[in-house]
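Scroll down for the structure; my scribbles are underneath it.
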There are 2 protein chains.
Amino acid sequence: MSKTVEEIAKATGFSITTVRFVINGQTDRYRISAKTRQAIEDYIAIHGYSINHAARSLKLARTETIGFVVPDLANAYFARLMAALEARCNERNLLLLTLASHESPELENRAITSLLERDVDGLAIAPCQSVVLPQLRSNKTRASIVAFDRGYPSWPFPAVVSDNYQGGLEMARRMLQESAGGECFFLCAHADSPSIQDRIRGFETACAESGVDDVASRIWTDANDSPDAGRHLMRILIDELRRPPAAFMCSSLLVLEGALLQLREQMGNIDPALLIGTFDDHAMLDLLPNRIVAVRQNEKAIAERLFERLLAPRDPVGLPGETDTVPCEIICRNF
Amino acid sequence: MSKTVEEIAKATGFSITTVRFVINGQTDRYRISAKTRQAIEDYIAIHGYSINHAARSLKLARTETIGFVVPDLANAYFARLMAALEARCNERNLLLLTLASHESPELENRAITSLLERDVDGLAIAPCQSVVLPQLRSNKTRASIVAFDRGYPSWPFPAVVSDNYQGGLEMARRMLQESAGGECFFLCAHADSPSIQDRIRGFETACAESGVDDVASRIWTDANDSPDAGRHLMRILIDELRRPPAAFMCSSLLVLEGALLQLREQMGNIDPALLIGTFDDHAMLDLLPNRIVAVRQNEKAIAERLFERLLAPRDPVGLPGETDTVPCEIICRNF
DNA sequence: CTGTTAGCGCGTTCAC
DNA sequence: GTGAACGCGCTAACAG
């Protein structure tokens with residue numbers, strides 16, 4: 001298997017050019033005789049042909065690859081996004097190169113550098129920092145660059161993000177409406193990220209609509225997105241209230257997880273009357289008896305937009321960079 | 001940014017060789033003068049250097065990449081495995097190319113073909129079929145090939161798998177011991193896969209130890225691994241028993257999810273006394289009040305073994321292919 | 001210490 | 001219809 005064009009040419013006795021025309025299906029255009037074509041096709045059917053992408057890429061200065069940098073694939077949202085993007089890439093015979101940054105600027109930079117060295121044709125990044133790697137800025141880089149999930153204003157590239165403001169707004173509205181006495185807290189991790197900021201603004205707007213006067217006391221933030229952050233936030237919230245909250249929403253599933261664990265640990269159980277809200281949906285939420293409001297991001301639509309931007313020729317750096325905003329879906333359970 | 005070696009040589013006035021020695025840090029070995037080195041380093045500090053991997057790969061017939069084919073990254077187990085493997089690869093400056101087969105033989109074949117064309121140095125595959133793509137068998141393929149997660153006997157490559165027999169055995173033992181009346185059912189999806197077969201054997205052994213006479217009636221199987229399979233299996237089980245089971249275990253989290261949903265739908269709620277067992281652990285299981293036995297596979301150890309085999313030179317095909325078996329961990333909740 | 005050269009496999013252009 | 005030649009950027013071997 002896996003002959004090169006030259007090997008096939010030698011074996012069949014035809015020239016490299018002829019073999020190439022057959023392989024590339026340009027047999028009509030160059031009037032290759034039917035039996036020549038047949039002979040070469042037969043040989044390939046038996047011995048196979050495997051293109052050498054390194055050589056092709058070197059010649060064409062194009063790799064047919066797309067780079068994809070995500071914070072964490074254990075996050076179901078990013079995993080689904082990757083799946084959707086990979087499907088698109090497959091259709092166009094592009095190879096998707098997925099790397100994880102684990103929310104570490106250093107790993108993110110390594111990933112980007114590595115992908116640029118590999119000369120990807122497009123590069124989609126969910127940044128975990130506001131700083132932009134100089135090589136990305138450079139107009140020498142051929143790749144179309146797109147940010148997603150987090151629209152840092154400092155990033156001079158087009159971005160594709162969920163409508164986090166709308167998500168926060170609608171979730172908070174529903175929570176405030178359902179919650180006895182209109183009590184609702186927001187436990188926020190990774191609070192410096194632009195998408196979380198938008199969610200907070202949505203929450204604040206909903207609170208204002210409902211006439212909540214002390215919005216600031218309703219919002220509890222932590223830098224890291226993790227179950228530990230959720231535990232911590234829930235612990236200090238309970239300490240402050242001297243009782244469990246009647247309703248709370250979380251900025252991510254990880255925070256929710258930690259918050260619920262803390263609640264159960266400290267209170268002995270989770271009150272089925274507790275009203276829960278969370279960003280990102282997860283099938284396992286079905287297993288809780290509580291009323292739950294979940295905001296689900298539309299991964300397929302996001303992947304679609306990303307892909308379009310990735311295929312488009314690279315924008316000249318320096319322009320503001322348009323932002324595509326994709327609506328979220330609100331999912332309610334047990335209401 | 002991103003100059004080539006030749007551009008740097010031309011710009012600094014030194015030869016390509018000299019520039020390369022500086023870049024590769026072989027400046028001492030070849031006694032490059034300090035000021036030459038400094039001049040070149042200064043130039044690179046300003047203008048940058050980005051290696052062209054396509055050219056390098058073409059020359060060296062080596063790409064510094066590892067291919068990784070998994071059924072589904074939405075499965076937390078594979079996502080964790082990918083993370084562990086990626087970490088190893090990063091250490092050695094290898095790029096991990098991850099593709100998903102979605103349990104489709106066709107997509108799996110596309111993925112493998114694509115990675116072989118890309119000339120990966122190593123290729124780890126969790127096969128979803130017993131058939132082996134001819135190109136893989138061919139000794140022309142340079143890559144070290146390793147199977148994992150599913151040890152199909154027909155695959156002539158080394159394999160790394162969890163000790164599914166032990167996992168099934170220990171989980172079943174614990175379940176039978178805890179369950180009132182020793183009742184325990186096993187809901188199995190993707191039942192034709194070798195790893196599931198091993199889990200079933202473990203279950204059967206534990207049943208035999210406990211003197212269960214009608215083991216066959218305890219095992220319920222489905223071809224696909226999905227929540228729908230879980231729902232279906234639970235529905236026919238309840239139909240058969242004319243009551244919910246006292247204890248059951250599932251071959252995957254997806255099956256568990258479906259089974260619990262079905263249970264709640266049909267019974268109105270999930271009895272907190274229900275004893276649950278499942279393969280693969282998930283943090284969200286913490287949220288259930290039930291006693292739960294979960295088998296957690298050791299992703300880090302598996303990634304380690306995979307990586308070793310991947311780095312080893314390719315085995316001549318035809319040999320049986322050794323199998324590395326990695327023990328699982330049993331996690332008990334609420335006991 | 002530094003420079004020159006050949007060739008990896010492919011796509012393209014031009015000549016027969 | 002077919003063949004030959006060049007060059008993409010890099011590495012390695014050898015020649016100073």
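Residue numbers start from 1 in every chain, and the chains themselves are labelled A, B, ... in the order their sequence lines are given, proteins ahead of strands.
Here B/Arg62 pairs with B/Glu64 in a salt bridge; the nearest charged N to carboxylate O distance falls below 4.0 Å.
Among the protein residues, A/Ser57 comes within range of no part of the nucleic acid, since none of its heavy atoms lies under 4.0 Å from any strand. Contacts of B/Leu60 with the nucleic acid, taken as non-hydrogen atoms under 4.0 Å apart, involve only primed sugar atoms and P, OP1 or OP2.
With no hydrogens or angles considered, no side-chain donor-acceptor pair links A/Asn52 and B/Glu117 at under 3.5 Å. Inspection of the A/Asn224 and A/Glu103 side chains reveals no N or O donor paired with an N or O acceptor under 3.5 Å. With 3.5 Å as the limit, one finds a donor-acceptor pair spanning the side chains of A/Ser15 and A/Thr18.
With rounding to whole Å, B/Asn24 atom CG is found 6 Å from D/dT11 atom P. One can place CG of A/Leu58 at 9 Å from P of D/dC10, the figure rounded to the nearest angstrom. Spacing between atom CD1 of A/Ile51 and atom P of C/dG9 amounts to 13 Å, rounded to whole angstrom units. Atom P of nucleotide C/dT2 and atom CZ of B/Arg37 are separated by 12 Å, given to the nearest angstrom. Between the C1' atom of C/dG11 and the CD atom of A/Glu64 lies a distance of 13 Å, rounded to the nearest Å. One atom, CZ of B/Arg142, and another, C1' of C/dG9, lie 14 Å apart when rounded to the nearest Å. Residue A/His53 contributes atom NE2, which lies 17 Å from atom C1' of D/dC8 at whole-angstrom precision. A straight line from CD of B/Glu7 to P of D/dG9 spans 7 Å, rounded to a whole angstrom.
Under 4.0 angstrom from either OP1 or OP2 of C/dC10 there lies at least one side-chain N or O belonging to A/Tyr49. Here A/Arg56 reaches the OP1 or OP2 of C/dG11: one of its side-chain N or O atoms lies under 4.0 Å away.
Nearest nucleotide to the side chain of A/Phe21, out of D/dG9, D/dT2, C/dT2: D/dT2.
Judged by atom type and distance alone, A/Arg20 reaches the base of C/dG11 through a side-chain donor-acceptor pair under 3.5 Å.
Using bins of under 30°, 30° to 60° and over 60° for the plane-to-plane angle, the ring pair A/Phe78/A/Phe148 lands in the perpendicular bin.
Across all their heavy atoms, A/Asp149 and A/Gln297 have their closest contact at OD1-OE1, 4.1 Å.
For A/Asp119, the side-chain contact (heavy atoms from CB on, under 4.5 Å) test picks out A/Thr63, A/Arg142, with sequence neighbours left out.
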I'd like a list of close polar pairs between nucleotides 4-6 of chain C and the protein, N/O only, cut-off under 3.5 Å.
residue : atom : partner : partner atom : Å
C/dT4   : O4   : B/Thr17 : OG1          : 2.7

